[in-house]
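Notes to accompany the following structure.
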Amino acid sequence: NQNMPEKSLKHARKLLIWLILSATALAALFLGGRPASQWETILRFMNGVTFNQADPIFHKDFSFYIFTLPVLNFVRSWLINVVVLIMVILASFYYISTMLRGEPFSLTGRVKSHLSLLGAGLLVLFAAGHWLDRYELLFSPTGAVFGVGYTDDHVTLPVRTFLAVIALVSAGLIVASIYSKRNRLIVYSVGLWVGINLLAGSFIPGIVQRLIVEPSELARETSYLASNITMTREAYGLERLQSKNHPALGILDSQVTAQNKGTIQNVRLWDEGPLLQIYNQIQFFRLYYDFAAVHTDRYKPDGQLRQVMLATRELAAEKLPAEAQRWVNRHLQFTHGYGVAMSPVTEVEADGRPTFLVQDVPPVGEIPLKRPEIYYGLKSLDFLITRSGMQEFNYPGPGGPVYTHYDGKGGVLLSSFFRRLIYAWQFMDINILISGEIKPTSLIQYRRTVQERFSTVTPFLLRDREAYSVVADGRLFWIQDAYTVTNRYPYSTPYQRRFNYIRNSVKAVVDAYDGTVDYYVSDPADPLIRTYQEIFPGLFKSMDELPDFLKEHIRYPLDLFSVQTEMLLQYHMEDPVVFYNKEDQWAIPVQTSFGKTQALKPYYIVARLPGEEKEEFLLIQPFTPNNRHNLVGWMAARNDGKAYGELVLFRFPTGRHVDGPNQVEARIDNDAVISEQFTLWGQVGSEVLRGILLVIPLGDHILYAEPVLSL
């Protein structure tokens, strides 16, 4: 302002400079934080390996869409933010500067040149966005198919190419406006890009889809449907599925049972839910013990393959009496769980209790367990301190408590005052700093659940819903299945909007005593895990390095199998015409017992597959037609030896009825003898629990079995 004193004007200019510098610093912090948050995307781009697969539209390797395209989109988005922030800061600077000089603000001269160049740069970035959006059509959810459809291929794709050219032309017009005294050229260039973007970007493709594609959709979309079916099956590992016919004969005779004696002897009599209740009633021994979950596995205690269920006896310090809820008890003395309960699924004692292969404290049974302490499991306190001046409670003995001292390597040494200070700050617990029971050799253990340890080390891997416990080599281990996933696999339909590609690439093993986590690559052909091996070269080990005593207990993961079976409900139809018409849509069976309806989820059993010579550990899922109750087939995942990971689909004859779970349940409920027994049990105060209905293959026949427990 010309009326302002020179001194005041000088102060105002200094204030303006400081404001500009402060705004620039804040903008730099904001813009600098975004690349840091994208470390995984950038590292995958820098270390990505090829898939050796190309899409049918652009003929680019899938690695471009999974590793390169996300980085290009991020860089473009980040540069747009940079340019916009610079434009805002400069425009504000020029505006305030002209006001301080007492001059009217005008878009001329240096101001016009500077802002026009930035505006042109912004349009160049928009042009890059239109060009990159062409590739994003491979993930388009519109139309009859996920991915590029007829309208995308013939209209949207050329339109986005044209929009990229228009944006570049508009950028050139803005640069040319620098040499013009009028600003209309800027308005015309921006208006040209906006108008064509609105007209061609959505209106024209919508008209083509409605007037040209929809009246003859199947004929125009057939080739694109075929690409979607092929890519989706590959993305979920369904292309290696072996499909076989199964006669599903319904009459069992003595010859059939004699030929399948091993399968019948392994029919499950126990279900996970009821067995967990039993364990928590007869094997917990003290209130501060708890069985959190029952896991299914197989062992050979007598040289014969036997399916078992087991659960770890973990410490529940929150269940200590109120007067025992002391800091010393919760963090120094009651530090760990102890042992497992293990039962074969095929045996019941005379009083209705399970037969135990491992039981009691200290553990006794047919499976040796020399190191039963559980410092790392499914549940834990925030932290505990071992090797302190206090003895640790080990287990309740006949003559009183038995104590121990931790002899493992799990935890961080509290070897200095500084470390104790840091952990006191982290856990907001002054006792860590002042307790006289803590020694320089003491270890502080935290992140003690398998889930926490796994996710902290490898947040980029998706873990299975549960880690399962294994008793092997006299120790307790946890095996955590993990997946590499992406939502960038071309033409593949997403699963619940979460991902459209999945591989069980890793099996992590956690030592229940030491807490060590070892990662073994179970699918070395997966390009995603090969990329992570490049990023973290010392983290992953080969499956050949997995100890033999643990190889016997790896199993096909439940979550992966559930995803595959759900995708198979549609993608067992490989003919595009059948797929489009949904002529053979399948569903997951449901069973209704005692008025409760539940889906029949996958289950592990020991059985002999049709055509095989011996029983093996299988994961099975039956199927029914959509909105029908009869069975149409079942799928099995094999778990043992060299056959591990093989998927087999058995289809039933299309012209004959095969009872499904709900129909078998209805027959059970209508059976007078069975119904009378259920009623009798209920009248004497017992609770009758019915497990999932098992559909078990017996050669060319099918056996239905349902565990029933009266509590």
Separation of [Y] [atom2] from [X] [atom1] (nearest 0.5 Å):
| X | Y | atom1 | atom2 | answer |
| --- | --- | --- | --- | --- |
| Leu384 | Thr335 | CG | OG1 | 6.0 Å |
| Glu616 | Thr263 | CD | OG1 | 9.5 Å |
| Ile444 | Leu413 | CD1 | CG | 11.5 Å |
| Phe284 | Asp290 | CZ | CG | 10.0 Å |
| Leu320 | Arg330 | CG | CZ | 7.5 Å |
| Arg608 | Lys614 | CZ | NZ | 12.5 Å |

Charged N-O contact under 4.0 Å between Arg475 and Asp514: yes
Derivation and outcome, salt bridge (Lys or Arg N to Asp or Glu O under 4.0 Å), residues Glu612 and Arg638: CA-CA 12 Å; Glu612 297 297 328; Arg638 305 178 71 179; 3.4 Å; yes
Where Pro35 and Ile42 come nearest, the two heavy atoms and their spacing: O-CD1, 3.8 Å
Closest contact, heavy atoms only, Trp270 versus Pro344: CD1-O, 3.9 Å
Other residues, nucleotides, ligands: >12 heavy atoms within 6.0 Å of Arg447 CZ: no
Heavy atoms of other groups near Arg34 CZ, more than 12 under 6.0 Å: yes
CA sep, side-chain torsions, deciding dist, call: Gln53, Glu234, side-chain hydrogen bond (donor to acceptor under 3.5 Å, both in side chains): CA-CA 11 Å; Gln53 288 179 278; Glu234 289 177 355; 2.7 Å; yes
Step-by-step ring pair (Phe, Tyr, Trp, His ring centres under 6.0 Å) determination, Tyr288 to Phe334: CA-CA 9 Å; Tyr288 43 77; Phe334 288 87; 5.3 Å; yes
Could you verify whether a donor N or O on one side chain and an acceptor N or O on the other, from [X] and [Y], lie under 3.5 Å apart?
| X | Y | result |
| --- | --- | --- |
| Tyr376 | Glu452 | no |
| Tyr519 | Thr458 | yes |
| Thr493 | Tyr571 | yes |
| Ser343 | Tyr279 | yes |
| Ser469 | Thr312 | no |

Residues forming a ring pair (Phe, Tyr, Trp, His ring centres under 6.0 Å) with Trp327, sequence neighbours excluded: His331
Set of residues satisfying ring pair (Phe, Tyr, Trp, His ring centres under 6.0 Å) with respect to Tyr289, sequence neighbours excluded: none
Stepwise side-chain contact (heavy atoms from CB on, under 4.5 Å) check, Gln307 with Thr346: CA-CA 8 Å; Gln307 184 178 358; Thr346 58; over 6 Å; no
List the atom pairs, donor and acceptor, that lie under 3.5 Å between side-chain atoms in residues 355-362 and the rest of the protein, sequence neighbours left out.
residue : atom : partner : partner atom : Å
Thr355  : OG1  : Glu349  : OE2          : 2.7
Asp360  : OD1  : Gln283  : NE2          : 3.0

Is there side-chain contact between [X] and [Y], with at least one heavy-atom pair below 4.5 Å?
| X | Y | result |
| --- | --- | --- |
| Thr486 | Phe499 | no |
| Tyr603 | Pro622 | yes |
| Leu568 | Leu241 | yes |
| Tyr468 | Asp481 | yes |
| Ile554 | Lys507 | yes |
| Val345 | Val308 | no |

Test side-chain contact (heavy atoms from CB on, under 4.5 Å) applied to Ile692 and Lys601, step by step: CA-CA 8 Å; Ile692 63 172; Lys601 298 298 179 66; over 6 Å; no
Aromatic ring proximity [X]/[Y], centre distance under 6.0 Å:
| X | Y | value |
| --- | --- | --- |
| Tyr423 | Phe383 | no |
| Phe427 | Tyr446 | yes |
| Phe62 | Tyr501 | no |

Sequence neighbours excluded, every pair satisfying side-chain hydrogen bond (donor to acceptor under 3.5 Å, both in side chains) that has a member inside residues 542-559: Arg240-Tyr556, Asp297-His553, Arg465-Asp559, Glu466-Arg555, Arg555-Tyr604, Tyr556-Gln564
Working for side-chain contact (heavy atoms from CB on, under 4.5 Å), residues Tyr483 and Asp464: CA-CA 8 Å; Tyr483 311 105; Asp464 195 80; 2.4 Å; yes
Audit row: Lys300, Arg306, side-chain contact (heavy atoms from CB on, under 4.5 Å) steps and yes/no: CA-CA 6 Å; Lys300 296 180 179 179; Arg306 304 177 72 182; over 6 Å; no
What side-chain donor-acceptor pairs closer than 3.5 Å can you find for residues 367-375, not counting sequence neighbours?
residue : atom : partner : partner atom : Å
Arg371  : NH1  : Tyr513  : OH           : 3.4
Tyr375  : OH   : His336  : ND1          : 3.2
Tyr375  : OH   : Glu392  : OE1          : 2.6

Residue pairs fulfilling salt bridge (charged side-chain N to carboxylate O under 4.0 Å, His left out) with at least one residue in residues 266-275, sequence neighbours excluded: Arg268-Asp271, Arg268-Glu272
Ring geometry between Trp39 and Phe460 (parallel below 30°, tilted from 30 to 60°, perpendicular above 60°): perpendicular
